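This structure is a prediction, so every number in the text was calculated from the model and none was measured. Residues take their numbers from the sequence shown, with the count starting at 1.
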Amino acid sequence: MKILFTYPGVANIGFNSFFNRKDSVDSWYIPVGLCYLAAVAKREGHDVDLMDLRYLSGYEEVEEKIISSGCDVVALSYQTPGAEYAMEVAKIAKKHNKITVAGGIHPTIMPDEVLSSGLIDHVIVGEGAISFPELVNNLEKGAIIEPLITGKYVDNLDEIPFPHYFDLYVDTIIKEHKLAMIFTSRGCPGRCEFCQPVANKLFGKKVKFRSADNIINELLDWQKRYGITHFMVLDDTFLVKKNLVKDFCRKLMDFKVPLTWQCNARVNEFEEEMIRLMAESRCNWICIGFESGSQRILDLTKKGTTVEQGYKAAELCYKYNIGFTTNIIAGVPGETEEDYKKNLEFVKTIKATTISYNWLVPYPGTDTFYYCQKNNLLNKDIRWDGYEMNRIKERGIISTVDYGVVRDWEKKIVFWKGEIPKKNLIIEKARKFEIKGEFAKALDQYFILIEEYPANFDGYYYCAKVYKKKGELDLAVQYFQKAMPIIQKSKNKDFLISTHFHMGEIYFNIGEKNLAKREFEICKELTPIHKEAEKYLIALNSIA
């Protein structure tokens, strides 16, 4: 059978966002779990194809892809924020008589809701590495299969084939950035209320691990085929099994080609010998779930760690020259000003440089969600796509949380070294005017930006975008041209691509076809997968 694997993760970034939003991990993250399912399906002799909504312009293109793929099955794997988008895809798939299968976190937690939509034929709850290919094999035989399937757990992770990485990911993220993303385990020993018991429902209560040799063999394959220089271990926490980590580090040191790497960790897992070996094997970054500098909040969320363990973890990173991200969770029901003060004291004490300040999302299936639901704290007007941190920043979700306080403390904590740069405040103020359609006031702010930061491209670039929105294209071109040499000097590739694309659109709209063509060609030179530039070039060539 032919399977169209579908990734609908566009709740935060929208369509046409693949690899275009470098500021958001959502635009360049590889859904490795989906690639594992593709690998086990291929092993059973099935054809596999990919539909990543981040690479498409909208539902019309979704329909075109479903038709042109000639697929028998549309397989959707998604988290809660992607649920609405997944259902829209399923609706189109059913219109064309495709078999629809759903799996992943949200279908595992909400199987009855997913099946009651009438748009999904089968839901796999939990792991799919064994059960998904079995399902497709039975479908091919014409067998009658129950809608709800409980996934079989994989005991030996080494038996699963390496993920099948679709060309879209290989030709962009992997080859362009020489970057690999891997999982080395399944499950998490933590009992944090904002995650559990979801992880247990997906993978079981026991954490399972790949062997060091199996992980090394995958990395060797990555390096041989794609010339990777860096890899990310995506496990919720990598340092659980210390002897395995040490074995892995020693084997990694035997690599002829040096690879740098990074991982995620809990503070109670740090041990000096292991951290030393990680540093020696070129681990250069750890994303650490400190979560709070308040022991009260750590206990309230059942984090199972202490503030003191957080201090020791930071000390070891400094000692062995490993950079780290300080993860802080805010907006916990019951959090007080005193807790926020302790967060600020904590980041100052550990001298945090990179801070990930996360607003709590009460994901369905978690203990936090059930607590909020039981106490009638959830904003009932919010759809599933609103269960995403950036959306919560816009609307809020837990009635007892003062999100104004959360926002104020975010500025204090993230910019703990000093005042928030004036430049950021000006841009923030201007953007609020833009959202309201008050373009003259937005321009006034951007002119201030130009005056105070003449060597920075932001003011010119954002002025140009406002003029473009207003239809004053001559002024838009003028300010984009002023921004261009500064952007080139800064070597900011994302803004460079964006500026050339905006210029191309302007030239296209005023009939300057040759100038437009050159701008879009530059976009394609800078990033070959620029789909919108490609569409304009096709249109220009057809006119010629």
Exercise for review: Please step through side chain to side chain contact (heavy atoms under 4.5 Å, CB included) for the pair Val240 and Val245, ending with a clear verdict.
Suggested key: CA-CA 8 Å; Val240 180; Val245 175; over 6 Å; no
Heavy-atom closest contact ([X] atom, [Y] atom, distance):
| X | Y | answer |
| --- | --- | --- |
| Ala352 | Tyr318 | N-OH, 4.3 Å |
| Tyr78 | Pro8 | CB-CG, 3.6 Å |
| Ser131 | Thr150 | OG-O, 3.9 Å |
| Gly304 | Arg266 | O-NH2, 3.9 Å |
| Ile160 | Ala129 | CD1-CB, 4.2 Å |
| Pro107 | Val125 | O-CG2, 4.3 Å |

For residues [X] and [Y], is any side-chain donor paired with an opposing acceptor at under 3.5 Å?
| X | Y | result |
| --- | --- | --- |
| Thr305 | Gln309 | no |
| Asp235 | Ser185 | yes |
| Glu88 | Tyr59 | no |
| Asn200 | Gln196 | yes |
| Thr237 | Glu269 | yes |
| Asn327 | Ser356 | yes |
| Ser490 | Asn492 | no |
| Trp409 | Glu335 | no |
| Asn343 | Tyr357 | no |
| Tyr462 | Arg431 | yes |

Side chains of [X] and [Y] in contact at under 4.5 Å (non-hydrogen atoms):
| X | Y | result |
| --- | --- | --- |
| Pro362 | Ile397 | yes |
| Cys317 | Ile286 | yes |
| Val89 | Met51 | yes |
| Thr368 | Tyr363 | no |
| Tyr7 | Phe18 | no |

Can a donor-acceptor pair be found, under 3.5 Å and without considering hydrogens, that links the side chain of [X] to the backbone of [Y]?
| X | Y | result |
| --- | --- | --- |
| Arg225 | Gln223 | no |
| Arg186 | Glu127 | no |
| Ser281 | Met278 | yes |

Distance flag, aromatic centroids of [Y] and [X], threshold under 6.0 Å:
| X | Y | answer |
| --- | --- | --- |
| Tyr403 | Trp359 | yes |
| Phe495 | Phe457 | yes |
| Trp416 | Phe346 | no |
| Phe501 | Phe520 | yes |
| Trp261 | Phe238 | yes |

Straight-line distance of [X] [atom1] to [Y] [atom2], nearest 0.5 Å:
| X | Y | atom1 | atom2 | answer |
| --- | --- | --- | --- | --- |
| Ile297 | Ile328 | CD1 | CD1 | 11.5 Å |
| Lys491 | Ile487 | NZ | CD1 | 15.0 Å |
| His46 | Cys71 | NE2 | SG | 14.0 Å |
| Tyr55 | Ser17 | OH | OG | 12.5 Å |
| Ile173 | Ile529 | CD1 | CD1 | 8.0 Å |

Hey, is [X] close enough to [Y] for a salt bridge, meaning N to O under 4.0 Å?
| X | Y | value |
| --- | --- | --- |
| Asp367 | Lys302 | no |
| Glu61 | Lys531 | yes |
| Glu388 | Lys393 | no |
| Asp155 | Lys208 | no |
| Lys65 | Asp49 | yes |
| Glu434 | Lys465 | no |
| Lys251 | Asp213 | yes |
| Glu410 | Arg407 | no |
| Glu134 | Lys152 | yes |
| Lys535 | Glu532 | yes |

Exercise for review: Dump the intermediate steps for side chain to side chain contact (heavy atoms under 4.5 Å, CB included) on Arg210 and Glu218, then the final yes or no.
Suggested key: CA-CA 11 Å; Arg210 296 168 60 185; Glu218 182 181 354; 2.8 Å; yes
Exercise for review: Check the angle between the aromatic planes of Phe5 and Phe132 and answer parallel, tilted or perpendicular using the 30° and 60° thresholds.
Suggested key: tilted
Using a cut-off of 6.0 Å, state whether more than 12 heavy atoms not belonging to [X] lie near its atom [atom1].
| X | atom1 | value |
| --- | --- | --- |
| Asn321 | CG | no |
| Gln262 | CD | yes |
| Lys242 | NZ | yes |

Practice item. Start with the C-alpha gap between Ser57 and Asn16, add the side-chain angles, then the distance that decides, and say whether side chain to side chain donor-acceptor pair (under 3.5 Å) holds. Key: CA-CA 5 Å; Ser57 60; Asn16 267 335; 5.0 Å; no
**Study point:** Val154 vs Glu159, side chain to side chain contact (heavy atoms under 4.5 Å, CB included): CA-CA, chis, key distance, verdict
**Key:** CA-CA 9 Å; Val154 179; Glu159 294 177 355; 5.6 Å; no
Check your understanding: Do Trp384 and Glu113 pass the side chain to side chain donor-acceptor pair (under 3.5 Å) test, and can you show the C-alpha distance, the side-chain angles, and the key distance before you say yes or no?
Key -> CA-CA 12 Å; Trp384 290 134; Glu113 176 201 85; 2.9 Å; yes
Point to revise | Phe231 and Ile215: CA distance, side-chain angles, deciding distance, side chain to side chain contact (heavy atoms under 4.5 Å, CB included) verdict | key: CA-CA 12 Å; Phe231 65 92; Ile215 304 166; over 6 Å; no
